[in-house]
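Read through the structure below, which is laid out as structure tokens, and then see the notes.
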Amino acid sequence: MRRFVIRRLLLVPIVLVGMTFMTFVISQLVPIDPAAAYLGSRGGAAPGQEEELVQQLSEKWGWDKPIFERYGIYMKNLVQGDLGVSSTTRRPVADDLADYVPPTLELVIAAMLIAILVGIVLGVVSAARRGKLTDTAVIVVTTLGVSAPTFWLALVGFNLFYGELGWAAGAGQLSLTTVAPPKVTGLLVVDSLIAGRWDALQDALHHLAFPALLLGLLIGLYFARVVRHEMIEVLESDYVRAAKGKGLRSSTILMRHALRNAIIPLVTLSGLAFGSLLTGVVVVEYIVGWPGLGGYTFRAATKLDLNGITGVVLVIGIVYITVNLIVDLLYALIDPRVRVRYG
Amino acid sequence: MLVRQQRRPGRAMRRHLTRFVVAVAATAAVAAISACGSSSSSSSGSPEGGGSIVVAKDMASDLSFDPARAFEELYQPLFGNVYQHLVGWAPAKGGYDYSKVVPQLATEWEGSKDAKTWTFTLDPDAKFASGNAVTGEDVAWSYRRFINVQGPPSHIAADIADVTSPDPATVVFELKNPNPNFPAVTTTPNLVVLDSKLVKENGGTDADDASKTDTAEQWLTTNSAGSGPYQIDSFEPGQKLVLKRVEDWWGGDPAPLAQVVFTNIPDASARVTAIQRGDIDIAWTVVPQQADELADNPDVSVLEADPNHWYYMSMNGDPKINAFTADPKVREALRYATDWDGLANLCAGNPVQPVFGLAPVSLGGGGEEVRPGQDLEKAKQLLAEAGYPDGYDGPLRLQTFQWSGFCPLFSDIVQKLASDWAKVGVKADVKVRNYDSWITDFRKGDFDVNISDWLADYPSAVNAAGAALPGGALAERTQWKGQGGYAEMERVTKELAGTTSTSGQEELLHEAERMNWQLGTTTYLIQIPDYYPYRADLAGVAFHAQYRFDFYNMARK
């Protein structure tokens with residue numbers, strides 16, 4: 001197992017180099033001039049001044065250099081821990097990431113916890129009551145949930161739960177009147193706990209509840225379909241029949257024998273969903289004014305801000321690799337066959 | 001052995017699941033308790049007497065507050081409150097009178113006979129929030145830094161040849177061309193006066209190589225160095241900007257509102273919800289349909305503001321890019337084919353003001369007399385004269401970009417033009433593009449017909465018209481250099497630039513507008529009003545055409 005983990009960790013730098021390289025190459029295919037995006041329609045418009053201005057900007061941001069030379073400079077700086085300065089925000093990318101990653105990470109972690117809980121509960125209940133009213137209801141709800149557009153649900157849901165009912169908190173991570181706890185991890189819930197600030201914790205959870213529940217339910221409903229399918233397959237297998245024949249309680253059969261086997265695909269799915277959620281939350285972040293990575297990535301990508309985009313790619317790469325490593329370790333925990341193979 | 005191996009993960013799995021369940025249940029429970037128990041956040045807390053207001057907007061583009069570099073969005077609402085200009089606009093009922101400048105940092109000003117030298121005398125009492133006195137050298141330094149940093153807005157001062165301060169109370173501008181409206185130029189949001197001592201301490205310089213050596217941008221984005229009634233308290237990019245009043249403001253009593261908070265709510269419908277609930281005080285901005293939704297709410301008023309912001313249409317003047325649009329007769333024909341009244345009524349139930357010539361009427365632009373209007377027969381006749389008696393089916397990219405903040409939408413305008421032109425046999429290929437790929441081609445001048453929006457640097461008909469006239473920013477994009485109609489338009493543009501009297505300017509402007517209908521490449525279409533819902537308990541809400549509210553005039557009723 002240790003060898004397996006070491007082997008995985010050794011792959012990390014190779015994967016990250018590959019990802020940054022791909023980012024630089026792909027940026028060449030985008031029909032956007034970063035100088036034009038920087039200046040907008042009105043900037044630097046005086047006659048005779050424009051060429052000079054574009055030249056000066058190009059020198060400053062390296063837009064005039066061939067892409068491979070820029071990549072070389074980027075990697076050299078990266079090795080020294082310098083992620084460069086974003087041409088969009090004009091701040092160091094490391095500072096930007098320190099501001100924008102934690103809110104998204106907090107939202108995604110909360111959503112994943114809810115999704116896993118919803119997926120398991122609904123999937124197990126539905127499979128255990130296959131063909132009955134509960135099962136049909138779960139199938140209808142999960143189908144509706146999976147097919148409903150996230151943007152629409154977020155918009156309607158926010159208007160209903162915040163605007164009409166007043167249950168959800170307003171935009172952002174905290175109310176304007178709540179003073180944020182001192183920044184330690186950047187995750188407001190955790191930082192509030194560390195500081196013992198119960199008012200901030202309550203306010204942060206209140207703000208987190210709507211977007212996390214929305215995303216969590218949407219993914220959870222998808223998970224439920226997978227768990228249901230796996231559970232039904234497992235429940236029809238010989239060893240479950242044997243367990244039933246031994247007279248074991250159905251709850252024991254469901255939770256101890258069936259669920260453990262049915263849950264393996266869910267672990268894989270959770271890893272994948274976590275990674276894609278990191279940038280996929282942009283729509284929900286937009287509607288609830290969540291100051292996360294989604295909006296930052298969108299701005300950097302549309303303005304061809306290579307330092308910004310590559311910084312985001314690095315973060316996503318690291319999170320993705322870490323989550324998949326955890327998933328692989330969980331496999332071994334859940335399925336002894338995996339542990340034996342990689343022992 | 002095998003049994004033990006199987007049992008251990010089983011226990012771990014159960015523990016794992018149990019932890020999940022407990023953690024999620026706890027999260028949900030606390031969220032539910034807080035959801036039921038806590039009321040919505042109050043926006044009218046009272047920090048040290050005076051209270052505060054909350055302004056919600058999409059803060060994605062609010063990246064820099066350095067006057068020499070900012071050319072995005074929030075700098076405008078911010079600068080007018082934090083910084084001051086040499087002169088300002090006269091207050092008038094419900095807003096401002098953009099034909100009359102009044103003292104701000106300067107008490108007097110005088111232009112030379114040739115309108116090329118302008119001397120301003122400063123108010124001896126003026127001081128910055130830091131306590132430093134506002135001197136002529138601060139003014140000269142701020143302008144020199146603005147010019148030498150060569151940031152995106154630096155074209156605004158392109159006509160200033162030199163700025164000096166012969167004594168602490170005086171500042172003298174030498175211009176490259178005569179400009180009887182120069183005091184109005186100094187009201188441009190970016191042309192503010194900075195506390196030079198403070199900015200120098202934080203990396204600012206006005207040296208010739210300031211474009212490379214000035215490092216004050218980051219400091220100026222989280223701090224301010226102005227003499228206005230407010231100063232920047234804190235800024236969290238993309239989230240929140242807090243302004244606090246200057247307690248010993250030199251210009252008068254401290255502002256009634258102690259604090260102004262800008263908060264990020266990117267989605268307009270979420271801003272509507274927030275203002276209905278009373279969580280925010282001003283929603284920066286909504287579309288007319290959303291404003292209509294608020295009409296029955298007695299707690300919310302909606303300000304329909306005219307920010308002197310309009311749609312325009314540019315046709316490429318370079319025959320190598322498009323020989324069809326490069327022909328002035330074709331351009332005139334397409335203007336005759338356009339249903340101008342229909343354009344002004346595209347936003348259902350919310351007619352907008354037309355722009356007849358090259359500036360809104362409210363700024364002194366021409367009225368109906370400078371725009372002949374739709375005449376399909378005349379359009380067909382002009383097309384025939386240009387060699388297209390059967391219409392035109394060749395390449396004609398009619399392009400714009402996607403943006404949902406206005407009504408009518410950019411895409412509505414291009415669809416309308418395409419259907420109007422089809423009536424005279426001209427077939428346009430409508431392209432509604434992503435903004436950043438659109439701007440790349442726009443700046444290169446790679447388009448046949450382009451629809452977008454424009455606004456004047458400061459409220460002035462001449463500045464508004466200048467963009468469309470030869471040498472102007474929009475005309476340059478059309479690659480219109482020396483071809484069809486250029487020489488005639490260049491003559492009137494030069495005459496306009498050389499005029500030293502404001503009445504002479506107005507006459508020439510109207511002549512230029514009439515000629516532009518026949519020859520020009522860029523035509524202004526309709527104004528784009530903005531809608532600002534605000535809580536009805538807020539007094540003194542008046543929009544300034546340079547995209548700001550003067551928070552100093554606001555108070556709770």
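Here is how names work: the chains are called A, B, and so on, in the same order as the sequence lines, proteins then strands, and each is numbered from 1.
Ranked by heavy-atom pairs under 4.5 Å with chain B, the first of L174(A), T302(A), N159(A) is T302(A). For the set R271(B), Q239(B), K212(B), the entry with the most heavy-atom pairs within less than 4.5 Å of chain A is Q239(B). Comparing V272(B), I439(B), T221(B) by how many heavy-atom pairs each has under 4.5 Å with chain A, the most go to I439(B). Contact tally against chain A (heavy-atom pairs below 4.5 Å) for A56(B), A60(B), A270(B), A467(B): the top residue is A60(B). Contacts with chain A were tallied for K240(B), Q276(B), E217(B); E217(B) has the most, counting heavy-atom pairs under 4.5 Å. Your options are T273(B), D441(B), D436(B), and the one with the most heavy-atom pairs under 4.5 Å with chain A is D436(B).
Taking the six-membered ring where the residue is Trp, the centroids of F235(B) and F65(B) are separated by under 6.0 Å. Residues F410(B) and Y311(B) place their aromatic rings such that the two centres sit under 6.0 Å apart.
The parts of T88(A) that come within reach of chain B are both its backbone and its side chain, each placing non-hydrogen atoms under 4.5 angstrom from that chain. At a 4.5 Å heavy-atom cutoff, the contact between D457(B) and chain A is made by backbone and side-chain atoms alike. Both the backbone and the side chain of L455(B) come within contact range of chain A, judged by heavy atoms closer than 4.5 Å. Looking at E236(B), there are no atoms closer than 4.5 Å to chain A (heavy atoms on both sides), in backbone or side chain. In this structure, chain A has heavy atoms under 4.5 Å from both the backbone and the side chain of S437(B). With a 4.5 Å cut-off on non-hydrogen atoms, Q218(B) touches chain A through its side chain but not through its backbone. If you measure heavy-atom distances from L155(A) to chain B, the contacts under 4.5 Å come from the side chain alone. Proximity to chain B is limited to the side chain of Y100(A), based on heavy atoms less than 4.5 angstrom apart. For E59(A), the part lying near chain B is the side chain, with the backbone staying farther off; criterion is any non-hydrogen pair under 4.5 Å.
The two residues Y75(B) and P189(B) have their closest heavy-atom pair at CE1-CB, 4.1 Å. Residues N190(B) and P153(B) come closest through the heavy atom pair ND2-CG, 3.6 Å.
Side-chain atoms of Y239(A) and N261(A) include a donor-acceptor pair closer than 3.5 Å. Under 3.5 Å, the side chains of D267(B) and S269(B) contain a donor-acceptor pair of N or O atoms.
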Q.
Would Q173(A) and E106(A) count as a side-chain hydrogen bond (donor to acceptor under 3.5 Å, both in side chains) here? Give the steps.
A. CA-CA 10 Å; Q173(A) 275 189 293; E106(A) 187 161 53; 3.3 Å; yes
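Considering only residues two or more places apart in sequence or on other chains, T440(B) meets the side chain to side chain contact (heavy atoms under 4.5 Å, CB included) condition with I32(A), D33(A), A36(A), K444(B).
Counting only heavy atoms from C-beta outward, the side chains of W438(B) and N450(B) approach each other to under 4.5 Å.
Between F210(A) and F158(A), the ring-plane angle classifies as tilted under the 30° and 60° cut-offs.
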